[in-house]
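Below is one structure, written out as structure tokens; comments come after it.
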Amino acid sequence: MKYLFLLLSSFSFAQQTKFVDFKSVLGKIEINTIEKSVSGEVTYDFEVRSAIDTIKIDAQNMTFTNFKINNVAVNYKNSGKKIALFEGYKMGKNTLTFNYLAKPKQTMYFVGVDENLQIWTQGQGKYTSNWFPSFDDANEKVIFNLDVNFDKNFQVISNGVLDNKTVNPTTIDWHYRMEKPMSSYLLMLTIGKFEVQNEKSKSGIPLRFYIENEDVSKFEPTYRYSKTIFNFFEKEIGVKYPWEVYKQIPVRDFLYAGMENTSATVFSRDFVVDEIGFEDKNYVNVNAHELAHQWFGDLVTAESGKHHWLQEGFATYYALLAEKEVFGTDYFYYKLYSISQQLKSVSKTDTIPILNEKASSLSFYQKGAWALHVLREGVGADVFRKAVRNYLKKYSFKNVNTDDFLDEIRKVSKYHVDTFKLKWLESPGFDNQKATELLSKKESIKALLEIQKLRNKPFVEKQDVFVKTMQSDAYFPIKEEIIYQIENVTFADKAALLRLAMATNEVNVRQAIANTTPKIPLEFKVEFETLLDDKSYITREVALNSLWSQFPEDQIKYLEKSKEWVGFNDKNLRILWLILALGTKEYELDNKAKFYDELLSYCSPKFESSIRQNALENLLFINEKDKNVLPFLVNSLTSHKWQFSKFGREKIRLLLKNQNVRSYFESLLLELPDNEKTQLQRLLAEK
């Protein structure tokens with residue numbers, strides 16, 4: 001998963017796992033979309049290994065009935081956070097059954113309504129115990145099975161194999177079964193209207209690729225290289241994929257980039273792309289990262305937050321190895337170089353080492369990946385693979401710490417593991433010297449570093465080198481570096497070089513030109529206009545905005561050319577077009593109201609937060625006092641998507657500095673639903 005989560009466990013639960021082992025669970029559940037609740041019957045099989053006075057299960061704000069252990073009614077305590085069992089169980093095998101009802105405030109999310117409804121869960125960082133009685137401690141691993149009853153017009157997806165479906169008059173019972181245990185945070189449920197494509201890996205694992213019905217045309221670019229990555233990982237890791245099936249499901253307004261639920265990755269719909277979108281923002285890295293977690297995190301799980309890098313560092317590094325397989329060696333080393341620059345820049349302020357539960361996500365993910373690269377280079381790729389294979393086999397379906405992994409390195413190598421651990425895992429900072437030493441072995445990085453050394457030299461002294469490089473087959477970041485170095489050189493002096501760069505037809509190089517040409521010279525206009533045809537929605541957005549702004553006589557021509565553009569999932573090109581169409585005086589006067597209404601509609605909760613935020617920003621830029629827009633801005637405060645609610649809070653704080661806008665917000669309180677009113681009142685009360 002792409003954002004930080006610490007596997008924090010309480011002392012009591014850590015101790016409980018020594019005395020009690022929960023083996024398996026069957027949840028028979030129903031979801032009420034009106035009440036936004038989940039209810040059902042739960043059956044746990046557990047074994048008491050040693051005498052214990054209280055057994056606890058995490059359960060957030062739930063109500064319970066019919067508690068029985070071994071078919072006998074028992075008393076229990078419900079603290080609102082945990083169930084405490086204190087009678088009825090015996091040494092050895094036991095069965096616990098009960099019914100429950102929950103209205104989750106987090107972890108289970110209801111997005112859209114009616115035919116547009118999606119329901120999805122996110123257990124890591126939020127705790128599955130908000131929607132299913134389970135264990136917030138990752139050290140308690142259970143075989144999870146779910147039976148889910150829901151409207152027959154929707155697909156229901158959960159962990160494991162779909163054992164069977166029972167079709168009723170208006171609903172379907174979906175029966176999902178697992179064979180191996182996992183931590184509770186990896187339990188998932190997704191409900192929506194999806195199409196699915198079925199494939200098989202080289203080893204015979206069923207691969208299920210889901211997509212929303214309206215996005216069917218984007219199947220191939222979205223899931224491009226998925227099968228390649230899967231097959232590569234089984235070969236590279238040397239341990240067969242540990243589950244019976246692998247599913248991937250994009251959902252709307254997901255909290256993160258992706259989440260590696262066991263056997264079923266959920267990811268953001270923002271990564272559902274078409275052929276052009278693939279060039280700018282594709283699913284490949286997230287795809288590989290979440291798949292790598294099926295081994296590093298799901299199969300073997302860190303015993304505490306201190307060892308979180310064993311999940312995120314490994315997933316980040318193996319994703320890079322997968323991209324190396326797909327995009328080549330130059331790409332791999334350039335990504336490592338970019339990460340090293342990022343780590344170097346924050347090394348003085350980001351001072352908590354990797355082996356600390358309070359370390360930053362940058363440390364757990366990126367520095368963790370670099371630590372593994374240093375280790376792999378130090379012991380050799382074959383030895384590293386052997387150690388990883390032994391580590392995964394030894395600790396399959398168990399919890400691990402850093403020494404468990406490093407001990408496997410020690411067994412197959414004479415590498416100075418203790419020195420490595422101290423330098424890379426227990427010390428702050430980033431060893432940029434070591435990183436540069438390893439990177440400089442690659443010719444493309446060496447060439448990039450040589451070009452960077454020319455940054456402070458006058459253009460005339462480096463012009464010939466730049467021309468030769470631009471005419472060569474040098475890797476694109478080297479050519480990008482040249483474009484950024486000549487940003488402030490006069491057009492007359494750099495015209496020939498710019499035209500050479502345009503002629504490369506490399507998307508990234510041409511995009512760099514678009515980004516570094518705030519003022520388009522008239523003699524460069526025709527060539528700049530060709531950027532409108534590039535296979536990049538980012539390039540098209542920059543080029544359209546610049547051309548429309550600087551050449552008013554051609555505004556209608558540019559609008560006609562881009563009239564059908566939509567762009568990414570956030571409708572970046574469509575929203576830009578509507579803004580420009582509204583701002584073009586003589587363009588389709590009879591449709592101005594229609595353009596505004598369409599733009600305003602994108603602010604509503606019917607759309608994903610990325611679309612809403614894009615529309616809100618643009619409309620408020622036109623008129624920050626627009627009373628049609630401001631209620632939608634208030635609504636953003638209640639979004640479960642923290643990035644969107646944060647945007648709303650920050651924007652409203654700025655607007656409240658205007659007394660007229662403040663007065664409007666105060667008057668709006670009378671009309672707002674309670675949840676929006678509460679959020680707005682908090683902002684109004686701030687000093």
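What you see is a predicted model, and the numbers here were worked out from it, not measured in a lab.
A salt bridge does not link E234 with K202: every distance from a Lys NZ or Arg NE/NH1/NH2 to an Asp or Glu carboxylate oxygen is 4.0 Å or more. For K324 and D330, the salt-bridge test fails: no basic side-chain N is under 4.0 Å from an acidic carboxylate O. A salt bridge links D403 to K421: one of the charged nitrogens lies within less than 4.0 Å of a carboxylate oxygen. A salt bridge links R224 to E220: one of the charged nitrogens lies within less than 4.0 Å of a carboxylate oxygen. D274 has no carboxylate O lying under 4.0 Å from a charged side-chain N of K218, or vice versa, which leaves the two without a salt bridge.
Partners of F332 under the ring-ring contact (aromatic ring centres under 6.0 Å, His included) rule, at least two apart in sequence or in another chain, are H373.
The distance from the CZ atom of F430 to the CG atom of L362 is 9.5 Å, given to the nearest 0.5 Å. A distance of 7.5 Å separates CG of L321 from CZ of F233, quoted to the nearest 0.5 Å. Taken to the nearest 0.5 Å, the CE atom of M188 stands 13.5 Å off from the CZ atom of F144. Note that the CG atom of L392 and the CG atom of L299 stand 6.0 Å from one another [nearest 0.5 Å]. Rounding to the nearest 0.5 angstrom, the gap separating the CG atom in D280 from the CD atom in E541 is 10.0 Å. The line from CE of M178 to CD1 of I143 is 8.5 Å long, rounded to the nearest 0.5 Å.
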Intermediate values then yes/no, ring pair (Phe, Tyr, Trp, His ring centres under 6.0 Å), F219 and F209
CA-CA 8 Å; F219 249 123; F209 304 129; 7.8 Å; no
Apply salt bridge (Lys or Arg N to Asp or Glu O under 4.0 Å) to D407 and K394, showing your working.
CA-CA 12 Å; D407 283 345; K394 182 175 181 179; over 6 Å; no
Step-by-step ring pair (Phe, Tyr, Trp, His ring centres under 6.0 Å) determination, F296 to Y318:
CA-CA 10 Å; F296 306 104; Y318 275 85; 4.9 Å; yes
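For T517 (side chain) and A514 (main-chain N/O), no donor-acceptor pair under 3.5 Å exists by modelled atom type. The backbone N or O of I354 lies less than 3.5 Å from no partner atom in the side chain of K367, so there is not a single donor-acceptor pair. Looking at K247, its side chain does come within 3.5 Å of a backbone N or O of G160 through a donor-acceptor pair. Although no hydrogens or angles enter the test, the distance criterion places a donor-acceptor pair under 3.5 Å between the side chain of N159 and the main chain of T262. Here the side chain of K462 pairs a donor or acceptor atom with the backbone of L454 at under 3.5 angstrom. Here the side chain of R252 pairs no donor or acceptor atom with the backbone of E608 at under 3.5 angstrom.
Counting heavy atoms from C-beta outward, D253 and Y109 have side chains that stay 4.5 Å or more apart. Put simply, the side chain of D431 does not reach to within 4.5 Å of the side chain of W370, judged on heavy atoms.
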Pair up each side-chain donor or acceptor in residues 380-390 with any protein partner under 3.5 Å, not counting sequence neighbours, and list the distances.
from: D382; atom 1: OD1; to: R385; atom 2: NH1; distance (Å): 2.7
from: R385; atom 1: NE; to: E236; atom 2: OE1; distance (Å): 3.1
from: R385; atom 1: NE; to: E236; atom 2: OE2; distance (Å): 3.1
from: R385; atom 1: NH2; to: E236; atom 2: OE1; distance (Å): 3.4
from: N390; atom 1: ND2; to: K386; atom 2: O; distance (Å): 3.3

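In this pair, H640 and W120 present their aromatic rings perpendicular. The plane angle is above 60°, beyond the 30 to 60° band. Relative orientation of the F364 and H308 rings is perpendicular, given thresholds of 30° and 60° on the angle between their planes. Ring orientation note: the planes of Y331 and F327 are tilted relative to one another, at an angle of 30° to 60°. Ring geometry for F278 against Y225 counts as tilted: the plane angle lies between 30° and 60°, on a 0 to 90° scale. Ring geometry for F405 against Y391 counts as perpendicular: the plane angle is over 60°, on a 0 to 90° scale with 30° as the lower cut.
Cation-pi geometry between K281 and F271 is met: the NZ or CZ atom falls under 6.0 Å from the ring centre, inside 45° of the normal.
Paired with F230 under the rule ring pair (Phe, Tyr, Trp, His ring centres under 6.0 Å), one option of Y223, Y241, W243 passes, and it is Y241. Among T107, D136, D58, the single residue meeting the side chain to side chain donor-acceptor pair (under 3.5 Å) criterion with S129 is D136.
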